Every structure is written in C-alpha cells, then in structure tokens.
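All figures in this text were calculated on a predicted structure; none of them were measured in a lab. Computation of the quantities below employed the complete heavy-atom set of this structure, encompassing side-chain atoms and omitting hydrogens, waters and symmetry-equivalent molecules. Naming: A, B, ... by sequence-line order, numbering from 1 per chain.
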Amino acid sequence: MRMTISEKIIASAAGLEKVSAGEIHTVNVDRLMSNDGTTHLAIDMYNTLLKKPRIADKDKLVFIIDHNMPADNPKTAAAHKKMRDFAREHGIAFYEGKGVCHQIMMEEYVRSGELIFGADSHTCTYGALGAFGTGVGNTDFLYAMVTGKSWVLVPPTLRFHLTGKFREGVYPRDLILTIIGDIGADGATYKVMEFTGEGAKAMNINERMVLANMAVEAGAKTGIFEPDEAALEYLENHGRKPKYLFKSDPDAVFEKEYHYDLSKIEPVVARPDNVDDVVSVDEVGDVKINQGFIGSCNSGRIEELRTAASILKGKKIADGVRLLISPASNTVYLQALQEGLMDIFIDAGAMIMNSNCSVCWGGCQGVIGEGEVLISTGTRNFKGRAGHKDSKVYLASAATVAASALAGKIVRADRVIA
Amino acid sequence: MGYTCIEKIIMKNLGQNHVRPNDIVTVNVDRVMIHDIFVPFVADKFEEMGFEKIWDPEKVVLIYDHLVPTSRVEDVRHFQIGDAFAAKYGIKNVHRGDGICHQLMPEADYVKPGDVVFGTDSHTTTYGSIGAFSSGVGYTEMAAILGTGQLWVKVPETIRVTIDGKLPAGVMSKDVILRLIGDLGADGANYKALEFAGSAVDSMSIASRMTIANMSVEAGAKAGLFAPDEKVAEYCGVSIEEIPDISADENAKYAKEIRYKAEELVPVVACPSSVDKIKPVTEVEGTPIDQVFIGSCTNGRLEDLEIAAKILEGKKVADYVKLIVTPASREVYRQASEAGILETLIKAGAIVTHPGCGLCCGRSGGILSEGERVVATNNRNFLGRMGPSSVEIYLSSPAVAAASAVSGRIALPAL
Amino acid sequence: MEKSKVWKFNHNVDTDQIIPSQYLLLPTIEEMKAYTFEPLIKDFAKQVQPGDVIIAGENFGCGSSREQAPRVLKELGVRAVIAGSFARIFFRNAINIGLPAIICKEAYDKVKQDDVVELDMSEGLLKIGDETLTCTRLPEYMQTILNAGGLIEFLNKEEVE
Amino acid sequence: MKIKGKVWVLGDDIDTDIIIPTEYLAMKSIHDMKQYAFSPLRPELAASIRPGDIIVAGKNFGCGSSREQAPEIIKSLQVGCVIAKSFARIFYRNAINNGLLLVEHDLLPELVTEGEDITVSVGEYIEHKDKRYDLSPLPTNLMEIIAAGGLVEAMKKKNSRND
C-alpha cells in the first residue's frame with residue numbers, strides 16, 4: 001500500500017483506497033472543536049453570511065471555553081455568552097472552565113484513526129493517540145460545521161526515529177524544543193512529523209502529547225504516533241475504542257528521516273522571540289525572571305506537576321517572583337489535589353489557577369508587564385505573546401521552570417537540587 | 001456614665017480616661033494596610049507631601065491581592081511600584097498573591113484586639129471581629145499616616161445590635177448582616193460604629209464574625225465591633241488576660257439599640273443593585289441564574305467553602321451555569337485542600353481560582369455579559385460592579401449560593 | 001497592473017505580532033483592526049492605505065490558527081501578502097477569507113519599505129522597478145476558492161447550484 | 001467663596017463603583033480615568049459636565065469603597081461642588097482631603113431640576129430661584145485642610161516648616 005499513518009487516515013476520510021502527498025482531497029471530518037479564541041466570529045458568520053445556515057451533525061461538534069476563563073472583561077464575557085447560547089440552542093457539547101481544549105478533547109473524544117479539525121493550531125496534539133488532528137481557521141471550521149466536509153492537501157511525512165532513554169532531569173519537552181531548534185520554525189511546514197522507534201514507544205500518551213502538540217511550532221500540519229498498547233489502554237481508561245489502528249507501511253514514502261538518541265538530549269530553553277532559538281540551559285547566561293508558568297496544553301499534565309512538585313517541595317520561590325501553575329484540566333487538578341501536589345505548590349508560594357490557557361496565550365490571567373521576563377512551559381515565545389510587547393518569554397521544561405522560580409533566574413533543575 | 005467598645009479603644013489609644021461621640025481626636029496608628037490597586041497613589045502622595053521616611057516601617061503591610069493574578073499588562077506596574085516603595089522605605093511586610101488583605105491581616109497576626117488600624121480599603125472594618133478599631137481611608141490620608149503615624153478621627157456614636165438565640169440551620173452570619181443592612185439602610189450607620197452582642201454572636205466563629213464586621217461598612221459604618229472573648233484570644237494566640245478590656249460598659253450610651261431573635265432570621269439576598277434591597281430567598285426563589293461566585297473577604301473562608309462543599313457533595317453544578325470559587329487566602333486554600341473540600345467542589349464542577357479578590361473587585365475572575373445574573377457571596381452588588389450595568393447581582397450566603405449553583409436558579413439550601 | 005505601496009516585514013512574522021491575543025475576543029474585526037501589528041509598528045492601522053501590499057520573508061503567519069490575523073489585514077484593505085513562504089494555517093485562512101497570499105521567493109530581497117510595486121494577480125506577476133518576477137501559482141482548488149471571494153462565498157455558490 | 005453653576009441631578013446611594021468602576025481603577029492617571037466617571041449610570045455625563053457645574057444628589061453619595069479616585073475624578077472634571085442629602089463617610093474624608101467641596105442639604109435635592117442654575121456661598125447659603133437656604137459652617141479642622149488646598153498641600157507646608 002505504501003502509505004504513512006497520515007495518508008491512511010486521510011484516505012479513509014476521503015473514502016479512497018490510496019492517497020499520496022501533494023494531492024488535494026475532500027474529506028469527511030470525524031470531529032470539530034472550537035474554543036473561545038474564535039468561535040464568536042464563526043457564529044457571527046453563521047448568522048449573517050450563510051445562504052442556508054445549518055449544522056451537518058451537531059454530535060461531531062465540541063465547543064470549549066478555555067482561553068479567557070473566567071472572563072476578565074465585559075467584551076470577553078459577551079463572546080462567551082454568544083458561544084454558550086449557540087451551544088445551548090443547537091445542543092452542541094459545551095465545556096466551560098473544565099480545562100484546556102486539547103486536554104478535554106483527549107480525555108473525552110479523540111479516537112485513534114480519526115480526522116479532527118480544531119479551530120486552534122495545537123489541535124495536532126491528538127496525534128499522540130494516532131489521530132490526525134490539525135488546526136484550522138474559523139472559516140474552515142464553519143465550512144466543515146455546515147457541510148461535514150473539508151478539503152486537505154495530503155502532506156508529506158518527516159519521520160523522527162527516537163532511540164535510547166532520557167537521562168535523569170531531561171524530559172520530552174526538552175526533546176521537542178531541541179528538534180524544533182534543529183529543523184527550524186518552518187522546518188516542517190505543510191508536513192507531518194511522525195515519531196517512531198523504541199524511544200517513542202516508551203513514552204506514555206501524556207508524554208507523546210508534549211511532542212505532538214508542538215509539531216505546529218515547526219510549521220507541521222500534525223504530529224503523530226503509531227497507536228499501540230499504550231494508546232489502547234488510554235482509550236480504554238477513558239471509556240473509548242479506537243476508530244482505526246493505522247501503521248505506516250514498511251515501504252511508505254517519507255520525505256526525510258531524522259534520528260535522535262534521547263540519552264544525548266540536554267535540558268534546553270527556547271529564547272525569545274522564536275521557538276527555534278534553542279540553547280542548552282547552561283548556555284543561556286544570567287537571565288533574571290519575573291514570572292514562571294507551568295501549564296498549557298503542552299505541559300500542564302500530572303507528569304509535569306509531579307516534576308515541579310518534586311523540585312518545589314519544602315522550598316520557597318524567590319522573593320518577588322510569581323509562579324503560576326495551571327493544571328490542564330479539572331481531572332488533572334483533582335489528581336494533583338489527591339496526590340498532595342497542590343499543597344506543595346501553595347506552600348512554596350506559587351499561585352494555582354483554574355484550568356485555563358493562562359499566560360501561554362497572553363490574553364488573560366497572568367499577563368506580564370513591560371520589560372518583564374517569563375519562563376514558561378507554554379507553546380510559544382513570540383514577541384508580546386505573554387503580555388506587554390516589550391516583555392520576553394523563554395520556553396523550557398516544567399523542571400527548569402520550577403528550578404528557575406526558586407533561583408529567581410534561569411537555571412538547570414539539577415543545579416538547584418544540588 | 002459608661003463607654004462603648006469603640007470609645008474604650010480610642011481612650012486606650014489616647015491614654016485618656018474620657019472621650020465622647022463627636023470629639024475630634026488624633027489617634028496613634030498601630031498598623032496600616034495598603035493594597036496593590038492604591039500603592040502607586042500612596043507612593044506618589046507620600047513623596048509629594050515631602051516625607052523622607054515612614055514613621056514605623058514595621059507597622060506597614062503591603063498586600064497584592066486585587067490584581068493577582070494579573071489580567072492586564074498595566075497591572076504589573078503596581079507590583080513594581082510597590083516593591084520599589086517597600087525597598088526604599090524599608091517595608092518588610094509584603095504579601096504577593098497570599099490572599100485577600102482583610103483575610104491576611106488577622107490571619108498573619110498583623111492585628112490584635114484593641115489596635116487602631118487603617119487600610120486603603122473600605123472593608124478594613126473586618127478586623128472589628130477581633131476587637132480592633134479598623135477603618136478604610138483614602139490614599140492621601142494613608143500617605144499622611146505613613147509620614148506621621150497619626151490620623152484625626154471623629155469619635156463615632158455607636159449603634160448596638162443584639163442577636164440572641166440560635167440561628168436556624170441554613171441561616172448564616174451573612175444573612176444576619178444582610179438583614180441588618182436592609183433594616184438600617186445603606187446609610188443607616190453612616191459615620192457611626194456598629195457593636196454586636198448577644199448569645200447568637202457569642203456562639204459564632206471568628207470567621208462568621210468577620211463576615212458581619214466586613215459588611216458593616218455597607219450600612220455606612222466606620223467600624224463593626226465585637227468585644228473580644230475566648231475565641232478571639234485563641235484565634236490571636238494570646239490568653240484572654242492579655243487582651244485589654246475594651247468590652248462595652250453596661251451603662252454605655254448608644255445612639256440606637258436593635259435586637260433580633262436568631263430563630264426568626266431566614267436566608268436572604270440583597271437584590272440588584274443596592275446592598276439594602278433585602279428579600280427573603282423565598283421571594284426570589286426560582287429566578288434563573290448564569291453564574292455563582294463564592295469568595296471574597298466577606299465569605300471566602302474555610303467555613304464558607306465547607307458549607308458549599310456540603311451542599312455540593314455528590315451533586316453537579318447546573319448545565320450552562322458557572323460556579324467560581326475563590327478561597328480568601330493561601331491558608332484557607334491549604335486547609336480546604338486538606339479537608340477534601342476542594343476535591344468535592346471540583347468534582348461538582350466548580351472552577352477554583354487562586355486566592356485573591358477575584359470577581360468581587362470586578363476586574364477579572366468571571367466578569368459577566370449583558371443581562372446575565374449572578375448570585376455572589378461578596379459584599380457589593382452595585383451597578384456595573386461585575387460587568388455591564390444590565391448584569392444583576394444578588395448577594396447571598398455561601399449556602400444559598402451553593403444551592404443556587406446546583407439548581408441553576410436562586411434556591412434555598414436544603415440542610 | 002495595479003500599483004501598490006510596499007510594507008516590508010521580516011522572516012517569521014507570527015500571528016501574535018499581526019494581532020496580539022489580548023484583542024482577539026473583541027466583538028468585531030472592525031474593533032480589532034486598530035491593533036494590527038501593534039507589537040511591531042506604531043499606528044500601522046492608521047498608516048496603511050487600501051491597495052497597499054505586504055512583502056515579507058519566510059514563514060509569514062506562523063503560530064496560531066487565529067483567522068483574525070488575515071482578517072484584520074483584509075479589513076484594512078491590504079491587497080495581498082507576498083512572502084517567501086507562509087505558515088500553513090495562515091495560508092489556508094487567507095485563501096478562505098479571500099485575501100491573496102502569494103508565494104514569491106525573490107521579492108523579499110528586492111524591495112524596501114515604501115517601494116511601489118505592480119502586481120498582476122491573474123498572471124501571477126510582480127513588477128519591482130524594471131524587473132518582473134513570477135509568483136508561485138496556487139493549486140487549482142485553492143484558486144477556485146480565492147476567485148469565489150473566499151470559502152463562505154464558495155459554499156453559498158455551491159448551495160445555489 | 002461663591003460658586004455659581006448649572007446642576008446635574010443624580011439619585012440616592014450614588015456609589016463609588018458608579019463614580020468610577022473598578023475596571024478603570026488601575027489606569028495610570030486620573031486624567032485617563034475621568035472619561036469613565038458615572039459611566040454605569042450615565043455614560044454621557046463625564047463629557048457633558050462643564051467647569052463650574054454642580055452635582056446634586058440624594059442620600060449617601062459616595063457609598064462603597066475607599067477609592068479616592070472617586071472624589072479626585074469629580075474634582076478633575078472641575079465640578080464646583082457636590083450637594084447631597086448626605087455623604088458616605090470615607091468619600092467625605094477623601095473629598096475634603098482633595099479639596100473637593102461638599103455641601104450637605106436636606107431640602108435642595110428635592111427642589112432642583114437638572115439644567116437649572118444655582119449659587120452656593122460656602123458656609124453661608126444656597127440660592128435657587130431667588131430663594132435662599134442657609135448652610136452651616138464646616139468644622140475648623142476640615143476648613144484648615146480645604147484652606148490649604150487639600151491634605152497634600154497641608155502636609156507639604158508642615159514638612160517644609162520642619163526643615
């Protein structure tokens with residue numbers, strides 16, 4: 001058959017035997033997610049621009065309020081109300097304040113083998129379960145909502161072979177930042193990043209999400225893993241079954257293959273203002289910080305919270321530094337409470353926020369001021385992303401963020417522990 | 001002729017054995033609190049006035065609570081100015097994101113019974129719960145206090161409120177103070193002190209008393225006082241003998257005396273948009289709501305979260321309704337976490353935010369949209385306080401708030 | 001060929017620079033457009049004239065899926081964005097809303113801010129001074145959407161047929 | 001001291017959130033904030049008030065928070081004085097400290113109609129439609145602050161004397 005996982009998913013969604021990179025096909029979309037970043041605009045378009053406003057299948061839609069949650073001004077509140085009223089009127093699944101959209105989607109909806117559109121660039125996260133998730137704008141979203149269909153340009157696939165094991169204190173987060181640093185912020189534009197090998201297989205689904213989630217930061221259409229026992233177990237624990245369990249054929253065509261030995265990865269940071277300006281934490285120099293952030297659809301899950309707690313336990317964050325922690329969903333929040341992690345954070349002087357996008361997107365809670373420096377487990381470090389246009393964002397692992405919050409400057413976690 | 005509680009505190013402060021209402025006196029300030037919103041203004045005025053040092057930096061507490069977490073890029077400026085001011089003038093007591101000022105001041109031992117305390121916030125009256133004369137001032141006066149350690153006050157007349165008996169199940173101290181504000185009117189105690197007594201008050205926890213003292217200002221009062229008892233001594237970590245005698249004399253002279261029988265009180269709400277528009281919950285029961293807020297310096301303490309959790313245990317917040325819970329301090333969060341209260345609340349679908357002023361101050365934490373309705377446990381339901389003027393705010397106890405969250409309509413707690 | 005003034009941008013212009021997050025939930029594009037390129041250029045929205053073009057380097061529009069990014073540009077009257085390459089979602093969004101996103105590898109190095117260029121969209125030609133550059137053609141499917149004026153117009157047309 | 005101006009009439013319990021909503025409190029200056037004065041109740045008012053105009057209200061004017069921006073903003077709109085049946089305590093102090101003149105009067109708020117002209121002679125009388133209503137003088141300690149031009153000026157003087 002000579003197809004990759006992504007090609008197989010697209011072929012099945014297009015009702016075709018075979019598709020190849022470069023072709024444009026009309027596909028049926030399995031599920032559509034939209035959040036408060038743009039849904040109000042899609043609803044306005046639905047109400048004013050369509051000749052025949054209709055919803056192809058309301059059961060495929062999910063609306064999630066997570067970006068500015070809870071609302072911090074009347075205009076945001078109005079956008080939320082528009083979304084809530086529309087969901088209510090049309091019987092669309094609706095989540096408000098329950099967590100970051102991609103985490104909710106993974107916990108509640110995503111199945112291996114599905115093709116999912118989300119009106120959010122990090123929809124590529126769902127590749128952790130072997131689904132083809134990709135971000136679209138609200139016009140694409142609206143078209144798919146009305147027709148149940150969309151078009152895709154079949155992307156070529158880059159394959160990343162992961163071997164070896166991470167050393168102590170090195171995390172999937174360091175790996176994905178390293179990869180983006182190597183291939184560049186447009187190194188995978190319009191392509192798929194497929195992760196494979198023993199190193200990929202050894203990761204649990206949450207860890208795979210860290211990788212898949214940031215594929216878009218290299219420009220990729222999605223990041224994807226072959227669904228295996230870990231995926232099946234995750235689905236079973238969440239009460240679901242896979243749609244398809246696709247694997248890339250041995251003779252599938254990959255545009256390029258990369259090899260990474262996990263044991264050689266170092267703790268790294270991405271320096272402002274580009275995700276691909278990646279250096280070892282030790283090379284970053286003396287950088288004082290004003291705020292740390294642990295959370296987001298990239299790194300707000302139980303693994304990251306455990307790591308942060310192990311570093312913060314019994315210690316206090318540096319005077320004048322703010323450390324924000326936002327669990328990726330209420331499910332994560334509950335588990336962290338049960339494991340006593342929240343008590344550790346509260347005692348260390350951190351602020352524990354409700355599950356939301358927080359400063360990762362910079363529209364609401366935790367925004368930083370003029371000239372301030374943030375170290376974050378979020379997805380982007382663009383200029384002005386976290387607040388004031390003259391502020392700076394460094395991206396790093398939860399361990400590096402926690403350690404830096406203790407030191408008041410960017411440091412490697414093992415330096416603080418020692 | 002005897003003296004009221006506030007007269008005694010002022011006499012003690014002045015080292016005099018006599019004062020009368022309407023005397024204008026200059027008190028020596030035992031502690032001041034400045035919060036983040038007003039820090040830049042205080043700093044400006046202080047320097048404009050030409051002061052070079054703070055009279056006693058140990059007595060100054062800076063608390064960042066209104067803008068925590070930040071919601072606008074300008075918010076950080078307040079922390080920067082506060083930190084710089086603290087460094088320049090040697091202020092050591094700075095709290096960043098540790099909770100709401102009025103919760104922290106008593107909780108972190110900054111206030112003792114008999115103290116005279118001023119804060120740049122109207123709800124500074126809260127510390128009357130542990131027998132301090134505490135009141136809100138503007139930032140200009142705060143700047144003057146920082147320089148001089150003194151403030152002129154007019155000795156207020158006192159209204160004595162006696163509540164005897166046992167409050168019925170589901171009736172909380174919030175219902176008591178709302179009822180009182182309704183009876184007195186929003187200016188019924190303007191320029192006066194309120195003094196609370198009676199067996200119902202005696203059996204109240206410090207937290208419940210804080211709710212009452214806190215909202216005394218909503219009737220215009222300068223202070224809301226409770227004579228310190230064993231519970232206060234325990235709360236403050238002192239023995240009752242160490243507390244100065246500031247209890248009112250039996251023959252003290254009051255401007256007015258009001259009595260309530262606790263058994264006759266019912267759950268009430270303050271209807272939009274004034275704090276004195278009080279109705280029994282039964283009259284507004286069934287009104288659909290969009291959001292519920294449990295938190296603030298009025299009702300964000302452990303017992304408030306506890307009763308909410310009790311009502312929400314095993315239930316779910318109604319569809320399309322948000323329940324936002326904001327613990328009053330780090331300490332309250334910690335205790336609620338250990339007691340499993342946060343777990344219960346989150347399982348029921350609550351959104352738990354970091355301790356701070358949150359929605360109550362109207363800058364973040366769940367602002368509403370046109371025509372929406374919220375049941376809230378905080379202290380003000382003014383027009384435009386939580387969004388556009390068309391937002392309707394009903395103030396209630398945490399029990400009524402939790403019950404309303406479950407039903408999606410204003411509801412009586414089933415207890 | 002129509003003449004257009006050039007606004008020149010660098011490589012990797014991301015969606016947060018085109019329209020920062022804090023303005024995304026404003027109710028309308030009309031209100032949002034005033035903040036276009038706020039982190040990069042003071043008062044861009046006031047200075048840009050209908051018919052102007054943007055010429056940028058590689059990876060224009062990287063970052064989020066916010067469709068507000070191409071929409072504020074269209075709302076301000078930007079005639080086309082010409083870049084060495086585009087981030088995927090931005091590219092798709094631009095076509096979907098009827099904002100021409102044109103790939104032209106050489107343009108970035110050959111223009112400077114405030115130059116006047118001539119653009120022939122039907123032929124895919126960009127004239128800079130005496131030199132005429134050929135732009136990469138859109139896939140036919142995307143060209144059809146763009147010709148319809150965007151995806152919604154395309155959909156509405158489909159509905160009629 | 002005599003003030004003659006056009007009146008703007010407001011009701012009872014004009015609270016500090018009406019005078020200046022919290023949303024705008026953290027703006028850098030009073031100048032940035034003042035356009036939002038009274039916005040929840042009358043969004044047009046801040047732009048309509050002219051220097052020397054007089055605000056007349058019912059009971060409990062300025063109730064609510066201790067935000068001193070409330071009187072400062074009224075002052076910055078160059079309002080001549082505020083006449084109300086009563087003022088909330090903290091607002092009263094804050095107004096005096098900022099040199100904003102307040103006049104308590106039970107009757108006048110019932111008699112005036114928006115747009116009419118009145119004259120206030122501080123500590124003496126109010127004149128409305130050829131009728132005079134007596135006013136009582138302010139306490140000495142308050143008059144001293146007002147005479148100095150507000151508390152900042154009073155403190156400045158005191159501190160320069162100390163030098």
Side-chain angles (χ1 to χ4, degrees), chain A residues 24 36-38 40-41 44-45 49-52 67-68 71 73 75-76 78-80 82 118-123 134-143 146-147 151 153 155 184-186 189-190 216-217 219-221 273-276 361-364 367 380 382-385 387 389-390, chain C residues 11-18 20-29 31-32 38-40 42 57-71 84-98 139-142 145 150-160:
Chain A
I24 290 181
D36 55 331
T38 54
H40 59 298
L41 297 178
D44 283 345
M45 289 163 72
L49 298 181
L50 294 180
K51 275 216 178 97
K52 283 202 282 184
H67 276 56
N68 270 17
N73 70 66
K75 286 178 178 168
T76 299
H80 288 178
K82 186 171 279 179
D120 187 286
S121 56
H122 295 103
T123 306
T134 194
V136 297
N138 51 275
T139 298
D140 262 332
F141 175 85
L142 183 65
Y143 184 92
V146 171
T147 64
W151 60 273
L153 175 62
D186 57 354
T189 297
Y190 255 98
V216 69
E217 304 313 329
K221 192 158 189 161
D273 304 312
N274 295 299
V275 278
D276 57 2
W361 97 300
C364 66
V367 288
R380 296 201 171 112
F382 297 162
K383 187 174 161 65
R385 171 84 178 177
K389 66 185 172 69
D390 297 321
Chain C
H11 302 294
N12 293 320
V13 171
D14 61 62
T15 49
D16 285 66
Q17 291 171 46
I18 303 173
S21 300
Q22 57 261 42
Y23 308 115
L24 286 190
L25 271 71
L26 289 175
T28 61
I29 300 292
E31 263 183 77
M32 240 175 269
E38 189 190 53
L40 294 181
K42 198 171 179 287
E58 301 298 319
N59 206 23
F60 187 90
C62 60
S64 91
S65 63
R66 61 188 66 168
E67 199 171 295
Q68 287 94 330
R71 281 182 72 181
S85 65
F86 287 92
R88 189 189 70 80
I89 309 178
F90 180 90
F91 190 60
R92 207 176 153 117
N93 285 342
I95 303 303
N96 282 342
I97 64 155
E140 200 188 322
Y141 191 86
M142 295 180 89
I145 294 171
L151 189 61
I152 298 298
E153 288 73 11
F154 177 78
L155 170 68
N156 284 337
K157 246 188 213 166
E158 273 184 335
E159 306 273 27
V160 176

Given heavy-atom pairs under 4.5 angstrom as the criterion, report whether the side chain, backbone, both or neither of [X] touches chain C.
X	answer
A/Thr123	neither
A/Ala71	neither
A/Ala185	both
A/Asn138	both
A/Arg380	side chain
A/Val146	side chain
A/Asn73	neither

Could you tell me which of [options] has the largest number of non-hydrogen atom pairs under 4.5 Å with chain C?
options	result
A/Thr134, A/Asp390, A/Val367, A/Asp44	A/Thr134
A/Gly219, A/Gly362, A/Gly384	A/Gly362
A/Val275, A/Thr189, A/Val216, A/Leu50	A/Leu50
A/His80, A/Lys75, A/Lys82	A/Lys75

> So which of C/Pro20, C/Pro27, C/Pro70 has the biggest tally of heavy-atom pairs under 4.5 Å with chain A?
Replying inline: C/Pro27

> Taking 4.0 angstrom as the limit, do A/Asp140 and C/Arg92 come out as a salt bridge?
Replying inline: yes

> For A/Gly137, does its backbone N or O pair with a side-chain atom of C/Arg66 as donor and acceptor, under 3.5 Å?
Replying inline: no

> Do the side chain of C/Gln68 and the main chain of A/Leu41 share a donor and acceptor less than 3.5 angstrom apart?
Replying inline: no

With rounding to the nearest 0.5 angstrom, report the [atom1] to [atom2] distance, [X] to [Y].
X	Y	atom1	atom2	result
A/Phe382	C/Cys62	CZ	SG	4.0 Å
A/Tyr143	C/Ile145	OH	CD1	7.5 Å
A/Thr76	C/Leu25	OG1	CG	5.0 Å
C/Asn156	A/Leu49	CG	CG	7.5 Å
C/Asn12	A/Asp186	CG	CG	6.0 Å
A/Ile24	C/Met142	CD1	CE	6.5 Å

Tell me, for [X] versus chain A, whether the close heavy atoms (under 4.5 Å) come from the side chain, the backbone, both or neither.
X	value
C/Phe90	neither
C/Pro139	side chain
C/Glu140	neither
C/Leu26	both

> Shortest non-hydrogen contact from A/Lys383 to C/Pro39?
Replying inline: CE-O, 3.3 Å

> What's the shortest heavy-atom distance between C/Gly63 and A/Ser121, and which atoms?
Replying inline: O-CB, 3.6 Å

> Are a donor atom and an acceptor atom from the side chains of C/Arg71 and A/Thr139 found within less than 3.5 Å of each other?
Replying inline: no

>> Applying ring-ring contact (aromatic ring centres under 6.0 Å, His included), can you list everything that pairs with A/His67, at least two apart in sequence or on another chain?
In response: A/Trp361

> Which residues pass the ring-ring contact (aromatic ring centres under 6.0 Å, His included) test with C/Tyr23, sequence neighbours left out?
Replying inline: C/Tyr35

